[in-house]
J.: 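Here's a structure for you.
Position 1 is the first residue of the sequence; numbering continues from there. Computed from heavy atoms alone, side chains included, the values below leave out hydrogens, waters and symmetry copies.
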Amino acid sequence: MYGIVIGMSITLIILTFAPPLLILGYIIRADKFPEPIGAVITVFCLGIGITFFAGILNSIVIPEGSNRAYLAGVTEESLKYLVLLFYVRKKAYFDEAMDGIVYGVLISLGFATLENYHYVIRFIEHGQEIAILRAFSAIPLHAMCGVIMGFYFGMANFYHVGQNYIKALLVPMCVHAAYNFIAGYSFYLTTIFILILFFQVKKLHATFITLQQKKFIESETKI
(Lines give C-alpha, C1' and ligand atoms only; values in the text may rest on other atoms or scores of the structure.)
Protein backbone atom coordinates (compact mmCIF):
# COMPACT_ATOMS: atom_id res chain seq x y z
CA MET A 1 0.00 0.00 0.00
CA TYR A 2 2.72 2.48 0.98
CA GLY A 3 4.59 1.86 -2.23
CA ILE A 4 1.50 2.65 -4.25
CA VAL A 5 0.86 5.83 -2.26
CA ILE A 6 4.44 6.96 -2.89
CA GLY A 7 3.87 6.34 -6.59
CA MET A 8 0.76 8.53 -6.65
CA SER A 9 1.07 12.15 -7.63
CA ILE A 10 0.78 14.79 -4.91
CA THR A 11 -2.43 16.02 -6.53
CA LEU A 12 -3.99 12.57 -6.50
CA ILE A 13 -2.96 11.98 -2.87
CA ILE A 14 -4.61 15.26 -1.87
CA LEU A 15 -7.77 14.53 -3.87
CA THR A 16 -7.97 11.05 -2.34
CA PHE A 17 -7.38 11.80 1.33
CA ALA A 18 -8.23 15.48 1.87
CA PRO A 19 -12.06 15.39 1.43
CA PRO A 20 -12.82 12.94 4.28
CA LEU A 21 -10.28 14.60 6.56
CA LEU A 22 -11.73 18.07 5.91
CA ILE A 23 -15.24 16.88 6.74
CA LEU A 24 -13.88 15.20 9.84
CA GLY A 25 -12.19 18.43 10.93
CA TYR A 26 -15.45 20.35 10.57
CA ILE A 27 -17.42 17.88 12.70
CA ILE A 28 -14.77 17.84 15.43
CA ARG A 29 -14.61 21.65 15.54
CA ALA A 30 -18.41 21.82 15.80
CA ASP A 31 -18.26 19.95 19.10
CA LYS A 32 -18.07 22.44 21.98
CA PHE A 33 -16.57 19.77 24.23
CA PRO A 34 -13.64 18.35 22.17
CA GLU A 35 -12.96 14.63 22.31
CA PRO A 36 -9.63 13.14 23.49
CA ILE A 37 -7.20 12.96 20.58
CA GLY A 38 -6.41 9.33 21.40
CA ALA A 39 -10.10 8.43 21.15
CA VAL A 40 -10.44 10.30 17.85
CA ILE A 41 -7.49 8.45 16.30
CA THR A 42 -8.58 5.05 17.66
CA VAL A 43 -12.18 5.30 16.45
CA PHE A 44 -11.10 6.65 13.07
CA CYS A 45 -8.72 3.68 12.71
CA LEU A 46 -11.52 1.29 13.67
CA GLY A 47 -13.51 2.79 10.80
CA ILE A 48 -10.58 2.00 8.53
CA GLY A 49 -10.32 -1.51 9.97
CA ILE A 50 -13.92 -2.54 9.30
CA THR A 51 -13.35 -1.78 5.63
CA PHE A 52 -11.61 -5.13 5.31
CA PHE A 53 -14.56 -7.00 6.83
CA ALA A 54 -16.93 -5.06 4.59
CA GLY A 55 -14.92 -6.16 1.58
CA ILE A 56 -15.31 -9.80 2.56
CA LEU A 57 -19.04 -9.49 3.25
CA ASN A 58 -19.68 -7.49 0.08
CA SER A 59 -17.87 -10.08 -2.03
CA ILE A 60 -20.29 -12.69 -0.66
CA VAL A 61 -23.60 -10.83 -0.89
CA ILE A 62 -22.75 -8.82 -4.02
CA PRO A 63 -21.25 -11.14 -6.66
CA GLU A 64 -19.05 -9.58 -9.36
CA GLY A 65 -21.22 -8.09 -12.08
CA SER A 66 -24.46 -8.23 -10.08
CA ASN A 67 -26.87 -5.32 -9.71
CA ARG A 68 -27.10 -5.69 -5.94
CA ALA A 69 -24.75 -2.86 -4.97
CA TYR A 70 -27.47 -1.49 -2.71
CA LEU A 71 -26.73 -4.36 -0.30
CA ALA A 72 -23.45 -2.65 0.59
CA GLY A 73 -25.60 -0.26 2.58
CA VAL A 74 -26.64 -3.17 4.76
CA THR A 75 -23.20 -4.65 5.35
CA GLU A 76 -21.25 -1.41 5.73
CA GLU A 77 -23.67 0.44 8.00
CA SER A 78 -24.09 -2.67 10.15
CA LEU A 79 -20.34 -2.83 10.75
CA LYS A 80 -20.19 0.87 11.63
CA TYR A 81 -23.07 0.41 14.05
CA LEU A 82 -21.31 -2.47 15.79
CA VAL A 83 -18.32 -0.23 16.53
CA LEU A 84 -20.60 2.37 18.12
CA LEU A 85 -22.60 -0.20 20.07
CA PHE A 86 -19.88 -2.50 21.37
CA TYR A 87 -16.87 -0.19 21.58
CA VAL A 88 -17.64 3.54 21.71
CA ARG A 89 -20.73 3.32 23.93
CA LYS A 90 -18.73 1.66 26.71
CA LYS A 91 -16.04 4.36 26.87
CA ALA A 92 -15.96 7.11 29.50
CA TYR A 93 -15.41 9.77 26.84
CA PHE A 94 -18.79 8.94 25.31
CA ASP A 95 -20.55 11.26 27.74
CA GLU A 96 -22.98 13.46 25.78
CA ALA A 97 -25.46 13.15 22.93
CA MET A 98 -23.32 15.11 20.47
CA ASP A 99 -20.64 12.45 20.84
CA GLY A 100 -22.93 10.10 18.93
CA ILE A 101 -22.51 12.28 15.85
CA VAL A 102 -18.80 12.88 16.38
CA TYR A 103 -17.95 9.20 16.71
CA GLY A 104 -20.48 8.13 14.10
CA VAL A 105 -18.76 10.41 11.60
CA LEU A 106 -15.30 9.31 12.76
CA ILE A 107 -16.15 5.69 12.00
CA SER A 108 -17.78 6.55 8.69
CA LEU A 109 -14.94 8.74 7.47
CA GLY A 110 -12.30 6.23 8.53
CA PHE A 111 -14.20 3.75 6.39
CA ALA A 112 -14.62 6.24 3.53
CA THR A 113 -10.93 7.15 3.52
CA LEU A 114 -9.68 3.63 2.84
CA GLU A 115 -12.59 2.85 0.52
CA ASN A 116 -11.76 5.98 -1.47
CA TYR A 117 -8.12 4.91 -1.72
CA HIS A 118 -9.15 1.47 -3.00
CA TYR A 119 -11.38 2.94 -5.71
CA VAL A 120 -8.73 5.42 -6.86
CA ILE A 121 -6.00 2.76 -6.99
CA ARG A 122 -8.26 0.21 -8.67
CA PHE A 123 -8.97 2.64 -11.50
CA ILE A 124 -5.70 4.56 -11.29
CA GLU A 125 -5.82 5.60 -14.95
CA HIS A 126 -8.89 7.69 -14.09
CA GLY A 127 -7.80 8.34 -10.51
CA GLN A 128 -8.28 12.11 -10.43
CA GLU A 129 -11.74 11.98 -12.00
CA ILE A 130 -12.85 9.27 -9.58
CA ALA A 131 -11.42 11.10 -6.56
CA ILE A 132 -13.20 14.34 -7.53
CA LEU A 133 -16.49 12.56 -8.20
CA ARG A 134 -16.38 10.70 -4.89
CA ALA A 135 -15.46 13.90 -3.04
CA PHE A 136 -18.94 15.22 -3.89
CA SER A 137 -20.87 11.96 -3.66
CA ALA A 138 -19.69 8.83 -1.82
CA ILE A 139 -17.60 10.55 0.85
CA PRO A 140 -20.34 13.01 1.89
CA LEU A 141 -22.77 10.08 1.78
CA HIS A 142 -20.68 8.15 4.31
CA ALA A 143 -20.28 11.24 6.50
CA MET A 144 -24.00 11.99 6.47
CA CYS A 145 -24.87 8.39 7.28
CA GLY A 146 -22.50 8.78 10.23
CA VAL A 147 -24.39 11.89 11.36
CA ILE A 148 -27.74 10.12 11.05
CA MET A 149 -26.51 7.05 12.91
CA GLY A 150 -24.87 9.18 15.59
CA PHE A 151 -27.95 11.36 16.02
CA TYR A 152 -30.31 8.50 16.76
CA PHE A 153 -27.67 6.65 18.77
CA GLY A 154 -26.99 9.70 20.91
CA MET A 155 -30.70 10.34 21.43
CA ALA A 156 -31.21 6.72 22.47
CA ASN A 157 -28.23 6.64 24.82
CA PHE A 158 -28.69 9.99 26.56
CA TYR A 159 -32.35 10.92 26.11
CA HIS A 160 -33.89 7.42 25.90
CA VAL A 161 -36.18 8.47 23.08
CA GLY A 162 -38.36 5.81 21.43
CA GLN A 163 -36.77 3.13 19.28
CA ASN A 164 -33.73 5.21 18.41
CA TYR A 165 -31.22 2.39 18.79
CA ILE A 166 -33.09 0.63 16.00
CA LYS A 167 -33.33 3.81 13.93
CA ALA A 168 -29.60 4.37 14.37
CA LEU A 169 -29.05 1.21 12.35
CA LEU A 170 -32.00 1.08 9.96
CA VAL A 171 -32.17 4.72 8.79
CA PRO A 172 -28.54 5.05 7.60
CA MET A 173 -28.75 1.53 6.21
CA CYS A 174 -31.76 2.48 4.07
CA VAL A 175 -30.23 5.82 3.07
CA HIS A 176 -26.98 4.15 1.99
CA ALA A 177 -28.82 1.41 0.11
CA ALA A 178 -31.01 4.00 -1.67
CA TYR A 179 -27.90 6.01 -2.64
CA ASN A 180 -26.16 2.95 -4.10
CA PHE A 181 -29.28 1.99 -6.03
CA ILE A 182 -29.77 5.49 -7.48
CA ALA A 183 -26.05 5.90 -8.24
CA GLY A 184 -26.26 2.85 -10.50
CA TYR A 185 -28.76 4.59 -12.75
CA SER A 186 -28.33 8.36 -12.81
CA PHE A 187 -25.63 10.84 -11.82
CA TYR A 188 -28.16 13.68 -11.78
CA LEU A 189 -30.59 11.88 -9.49
CA THR A 190 -27.66 10.98 -7.26
CA THR A 191 -26.70 14.65 -7.02
CA ILE A 192 -30.26 15.61 -6.09
CA PHE A 193 -30.36 12.82 -3.52
CA ILE A 194 -27.12 14.05 -1.91
CA LEU A 195 -28.38 17.65 -1.76
CA ILE A 196 -31.69 16.70 -0.16
CA LEU A 197 -29.89 14.45 2.31
CA PHE A 198 -27.46 17.25 3.17
CA PHE A 199 -30.22 19.62 4.28
CA GLN A 200 -31.96 16.90 6.29
CA VAL A 201 -28.72 15.95 8.02
CA LYS A 202 -27.93 19.59 8.70
CA LYS A 203 -31.20 19.82 10.66
CA LEU A 204 -30.22 16.82 12.77
CA HIS A 205 -26.80 18.30 13.47
CA ALA A 206 -28.35 21.66 14.37
CA THR A 207 -30.63 19.90 16.87
CA PHE A 208 -27.65 18.54 18.74
CA ILE A 209 -25.84 21.89 18.60
CA THR A 210 -28.90 23.46 20.27
CA LEU A 211 -29.02 20.74 22.92
CA GLN A 212 -25.31 21.19 23.54
CA GLN A 213 -25.68 24.96 23.96
CA LYS A 214 -28.54 24.48 26.43
CA LYS A 215 -26.45 22.02 28.39
CA PHE A 216 -23.55 24.48 28.49
CA ILE A 217 -25.79 27.33 29.66
CA GLU A 218 -27.32 25.13 32.37
CA SER A 219 -23.88 24.08 33.60
CA GLU A 220 -22.76 27.72 33.73
CA THR A 221 -25.90 28.70 35.63
CA LYS A 222 -25.24 26.08 38.32
CA ILE A 223 -21.72 27.38 38.98
J.: Could you check whether any side-chain heavy atom of P172 comes within less than 4.5 Å of a side-chain heavy atom of Y81, counting everything from C-beta outward?
T.: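 SC-SC contact between P172 and Y81 ruled out.
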J.: Using 0.5 Å steps for rounding, measure from the CG atom of N180 to the OH atom of Y70.
T.: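 Here the interatomic distance stands at 11.0 Å.
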J.: Going only through I, L, V, M, F, W and Y residues with side-chain contacts under 4.5 Å, is there a path from Y188 to F199?
T.: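 No: no chain of side-chain contacts under 4.5 Å links Y188 to F199.
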J.: For the residue pair H205 and Y26, categorise the inter-ring angle as parallel (less than 30°), tilted (30 to 60°) or perpendicular (more than 60°).
T.: tilted
J.: Under the ring-ring contact (aromatic ring centres under 6.0 Å, His included) test, which residues partner F198, sequence neighbours left out?
T.: none
J.: Which residue in the set V201, T207, V147, L106 passes side chain to side chain contact (heavy atoms under 4.5 Å, CB included) when paired with I101?
T.: V147
J.: If you group Ile, Leu, Val, Met, Phe, Trp and Tyr by side-chain heavy-atom gaps below 4.5 Å, do V43 and F86 land in one group?
T.: yes
J.: Would you say the ring centroid of F158 lies under 6.0 angstrom from that of F94?
T.: yes
J.: To the nearest 0.5 Å, how far apart are OG1 in T16 and CD1 in I132?
T.: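 Spacing of OG1 (T16) from CD1 (I132) equals 10.0 Å.
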J.: What distance do Y119 atom OH and L133 atom CG have between them, rounded to the nearest 0.5 Å?
T.: 11.0 Å
J.: Listed by chain and number, what are the side chain to side chain donor-acceptor pair (under 3.5 Å) partners of T190, not counting sequence neighbours?
T.: none
J.: Is L46 linked to L21 within one hydrophobic cluster, defined over Ile, Leu, Val, Met, Phe, Trp and Tyr using a side-chain heavy-atom separation of less than 4.5 Å?
T.: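 Per the 4.5 Å side-chain linkage, L46 and L21 are co-clustered.
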J.: Do Y179 and I194 come close enough that some side-chain heavy atom pair is under 4.5 Å?
T.: yes
J.: Check whether any side-chain heavy atom of V61 sits under 4.5 Å from a side-chain heavy atom of R68, and report yes or no.
T.: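 They are not in contact (no side-chain heavy atoms under 4.5 Å apart), so the answer is no.
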J.: Just checking, any donor-acceptor pair under 3.5 angstrom between side chains of T75 and N58?
T.: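 Note: T75 and N58 side chains meet the donor-acceptor criterion.
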J.: Checking side chain to side chain contact (heavy atoms under 4.5 Å, CB included) for the pair F136/T191: CA distance, chi angles, key distance, verdict?
T.: CA-CA 8 Å; F136 293 97; T191 303; over 6 Å; no
J.: Nearest 0.5 angstrom please: M144 CE to Q200 CD, how far?
T.: 11.0 Å
J.: With sequence neighbours excluded, give me every salt bridge (Lys or Arg N to Asp or Glu O under 4.0 Å) pair touching residues 79-92.
T.: E77-K80
J.: H142 vs H176 aromatic rings, parallel, tilted or perpendicular, using cut-offs 30° and 60°?
T.: perpendicular
J.: Check whether any side-chain heavy atom of S108 lies under 4.5 Å from a side-chain heavy atom of M149, and answer yes or no.
T.: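 In short, these two side chains do not touch, never coming nearer than 4.5 Å.
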J.: Report yes if the side chains of L57 and L79 come closer than 4.5 Å at any heavy-atom pair, otherwise no.
T.: yes
J.: Step through the shown structure and confirm whether more than 12 heavy atoms of other residues, nucleotides or ligands are within 6.0 Å of NE2 on H126.
T.: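 12 or below, so no.
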J.: Are L24 and I14 connected into the same hydrophobic cluster when the rule is that any two of I, L, V, M, F, W, Y join if their side-chain heavy atoms are below 4.5 Å apart?
T.: no
J.: Please evaluate residues R134 and E115 with respect to the criterion side chain to side chain contact (heavy atoms under 4.5 Å, CB included), reporting the C-alpha separation (whole Å), side-chain torsions for both, the decisive distance (0.1 Å), and the verdict.
T.: CA-CA 10 Å; R134 288 180 58 82; E115 184 187 63; 2.9 Å; yes
J.: Can any side-chain N or O of N116 pair as donor or acceptor with the backbone N or O of A112 at less than 3.5 Å?
T.: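 Not confirmed, N116 side chain does not pair with A112 backbone.
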J.: Same hydrophobic cluster for F193 and L189, using side-chain heavy-atom links shorter than 4.5 Å among ILVMFWY?
T.: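 Yes, it is one cluster - the side chains of F193 and L189 are joined through contacts under 4.5 Å.
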J.: Measure the shortest side-chain to side-chain distance between Y152 and L170 over non-hydrogen atoms and say whether it is less than 4.5 angstrom.
T.: no
J.: Show me the pairs that pass salt bridge (Lys or Arg N to Asp or Glu O under 4.0 Å) and involve residues 182-208, at least two apart or across chains.
T.: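 For residues 182-208, and leaving out neighbouring residues, there are no salt bridge (Lys or Arg N to Asp or Glu O under 4.0 Å) pairs at all.
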J.: Taking side chain to side chain donor-acceptor pair (under 3.5 Å) as the test, write out the residues that go with N157, two or more places apart.
T.: Y165
J.: Apply side chain to side chain contact (heavy atoms under 4.5 Å, CB included) to T113 and F44, showing your working.
T.: CA-CA 10 Å; T113 299; F44 184 81; 3.5 Å; yes
J.: Does the side chain to side chain contact (heavy atoms under 4.5 Å, CB included) test come out yes or no for D99 and E96, once each step is laid out?
T.: CA-CA 6 Å; D99 289 348; E96 61 167 334; 3.4 Å; yes
J.: Nearest 0.5 Å please: distance from the CG atom of L204 over to the CZ atom of F151.
T.: 5.0 Å
J.: Could you tell me whether Y103 and Y93 have their ring centroids closer than 6.0 angstrom?
T.: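 Yes; Y93 has its ring centre under 6.0 Å from that of Y103.
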J.: Going by salt bridge (Lys or Arg N to Asp or Glu O under 4.0 Å), name the pairs with one or both residues in residues 138-162, residues two or more places apart or in two chains.
T.: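 Salt bridge (Lys or Arg N to Asp or Glu O under 4.0 Å) check on residues 138-162 returns no pairs.
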J.: With a 4.5 Å limit on heavy-atom distance, are the side chains of I50 and F111 in contact?
T.: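 Contact flag for I50/F111 side chains = yes.
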J.: What distance do I139 atom CD1 and L22 atom CG have between them, rounded to the nearest 0.5 Å?
T.: 10.0 Å
J.: With the side chain counted from C-beta on, respond yes when C45 and I41 share a heavy-atom pair under 4.5 Å apart, and no when they do not.
T.: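 In short, these two side chains touch, coming nearer than 4.5 Å.
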J.: Can you establish whether the number of heavy atoms outside Q163 located under 6.0 Å from its atom CD is more than 12?
T.: no
